[in-house]
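What follows is one structure encoded as structure tokens, with my remarks underneath.
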Amino acid sequence: MTTTYVLVPGFWLGAAVWRPVADALREQGHVVHAVDLTGMGERAHVASPQTGLTTHVDDVVRLLEEQDLHDVVLVGHSYGALVTTGAADRVPERVARLVYVDSGPLPDGTSQADFGGPDGRTANERLVATQGEGWRLPPPPWAALAADVPEVDDATVAALVVGSQPQPWRTATEPVALTGAWRHLPRTAVLCTFGVEQLQQMAQQVPLFADMVDGDWTYVELPTWHWPMVSRPVELAEVLGAEGAQHRHR
């Protein structure tokens, strides 16, 4: 049977980062929509200081409604998790399962910038002010981040450099607004930079992680760096395919 997937990228990246995963899922016979959020990827030219989290939630809701998608496996990577949770909260009747790739839902009223802690936020605000014209966060030094990742070669790093855009800072500072309608949906966490045991310890100590242990969760460990769609795309597609099958058999 065919599953419909909607793939939402994290900071700095567009739909293209999902291409190897999307191709593998399509080869399995599935329908895949990878999303270029407003101001990112091929829609970089429409970025503005007003581009925020709500803009990106609207993007995904609009896709689901305009394409009349139902029983969707909604996949969010990193910051994309705030977007997918926000969209599922608005139209839960269109979503079959939420998949969080090395990420998770944040509580109502928190923002991506909160997640990095005060020091991280201050450092990013400095970058926004000095290198981002006061409203954009420049992409990270991909080569340095990938230096210790054997699965990521120079060509892959070059593709990340070409494929990334400055991130509108308002997307990081605008808090997510949730009613809780998303909470009845089954969810999967694909854990890459930390395992299940570590997650459970963090959830006891850090309130931002609480929603990653409460509710109907499945955990899959896929040890690699934070961008598994780049470092282990085939394995990630297999995980997503299995989660789609799980939803079909419910």
Side-chain angles (χ1 to χ4, degrees), residues 3 5-11 13 17-18 20-21 24-25 28 30 72-89 92 95-117 120 145-146 148-152 176 178 180-250:
T3 299
Y5 292 86
V6 173
L7 310 178
V8 180
F11 267 11
L13 297 164
V17 77
W18 290 106
V21 174
L25 286 169
Q28 294 176 27
H30 302 305
V72 168
V73 175
L74 189 52
V75 182
H77 169 249
S78 197
Y79 157 78
L82 276 86
V83 179
T84 55
T85 309
D89 195 66
V95 180
R97 175 173 287 273
L98 285 159
V99 179
Y100 295 95
V101 179
D102 214 37
S103 59
L106 291 183
D108 177 52
T110 54
S111 70
Q112 182 71 24
D114 295 332
F115 187 73
L145 291 178
D148 300 325
V149 187
E151 306 99 324
V152 179
V176 66
L178 301 170
W182 69 278
R183 288 185 174 278
H184 76 273
L185 294 167
R187 331 160 197 159
T188 299
V190 183
L191 306 177
C192 302
T193 55
F194 53 89
V196 175
E197 212 169 292
Q198 195 180 348
L199 168 63
Q200 288 166 341
Q201 289 171 351
M202 290 189 296
Q204 289 172 0
Q205 297 159 3
V206 184
L208 286 181
F209 281 93
D211 282 335
M212 287 197 71
V213 292
D214 294 339
D216 179 2
W217 280 99
T218 301
Y219 302 107
V220 181
E221 293 187 358
L222 182 65
T224 183
W225 76 331
H226 182 56
W227 292 270
M229 70 286 293
V230 172
S231 57
R232 298 184 67 182
V234 174
E235 294 92 333
L236 180 57
E238 285 171 1
V239 169
L240 295 178
E243 293 313 300
Q246 185 172 323
H247 127 64
R248 292 194 300 276
H249 295 145
R250 287 175 85 86

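Applying the side-chain contact (heavy atoms from CB on, under 4.5 Å) rule to P233 yields the partners P20, V21; only residues at least two apart in sequence or on another chain are considered.
Contact of the E235 side chain with the P228 side chain is not registered, since no non-hydrogen atoms from C-beta on lie closer than 4.5 Å. Proximity of E243 to V75: side-chain heavy atoms (C-beta onward) are nowhere separated by under 4.5 Å. Contact annotation: the side chain of R187 never approaches that of D216 to less than 4.5 Å [non-hydrogen atoms, C-beta and beyond].
Without hydrogens or angle criteria, R232 side chain to V230 main chain gives no donor-acceptor distance under 3.5 Å. Side-chain atoms of D102 do not come within 3.5 Å of backbone N or O of L191 as any donor-acceptor pair. Remark: the backbone N or O of W227 is paired with a side-chain donor or acceptor of W225 at under 3.5 angstrom. Under a 3.5 Å cut-off, the side chain of E221 and the backbone N or O of V196 do form a donor-acceptor pair.
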Go through V73 and V99 one step at a time and tell me if the side chain to side chain contact (heavy atoms under 4.5 Å, CB included) criterion holds. CA-CA 7 Å; V73 175; V99 179; 3.7 Å; yes
Checking W182 against D211 for the side chain to side chain contact (heavy atoms under 4.5 Å, CB included) test, could you report, in this order, the C-alpha distance in whole Å, the side-chain angles of both residues, the deciding distance, and whether it holds? CA-CA 11 Å; W182 69 278; D211 282 335; 4.1 Å; yes
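When every heavy atom of Q112 is checked against every heavy atom of Y79, the shortest pair comes out as OE1-CA, 3.5 Å. Annotation for L106 and V176: closest pair O-CG1, 4.0 Å, computed over non-hydrogen atoms. E151 and S231 get closest at one heavy-atom pair: CB-O, 3.4 Å. Annotation for P9 and L13: closest pair CG-O, 3.5 Å, computed over non-hydrogen atoms. Closest approach of T85 and P105 over heavy atoms only: OG1-CB, 3.8 Å. Shortest non-hydrogen contact noted between Y5 and G241 is OH-CA, 3.4 Å.
Looking at R97 and T188, their side chains do bring a donor and an acceptor atom within 3.5 Å of each other. Remark: the H226 side chain and the S78 side chain contain an N/O donor-acceptor pair separated by less than 3.5 Å. The closest side-chain donor-acceptor pair between Y100 and T84, if any, does not fall under 3.5 angstrom.
Surrounding CZ of F115 are at most 12 heavy atoms belonging to other residues, nucleotides or ligands under 6.0 Å away.
Rounded to the nearest 0.5 angstrom, L240 CG and L7 CG are separated by 7.0 Å. The line from CE of M212 to OH of Y219 is 6.5 Å long, rounded to the nearest 0.5 Å. How far CG of D108 is from CG of D89: 8.0 Å, rounded to the nearest 0.5 Å. Atom OG of S103 and atom CG of L82 lie 8.5 Å apart (nearest 0.5 Å).
The pair R183-D214 does not count as a salt bridge, with every side-chain nitrogen at least 4.0 angstrom from each carboxylate oxygen.
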Check residues 200-209 and write down every donor-acceptor pair under 3.5 Å in which the side-chain atom is one partner and the other belongs to a residue at least two apart or another chain.
none

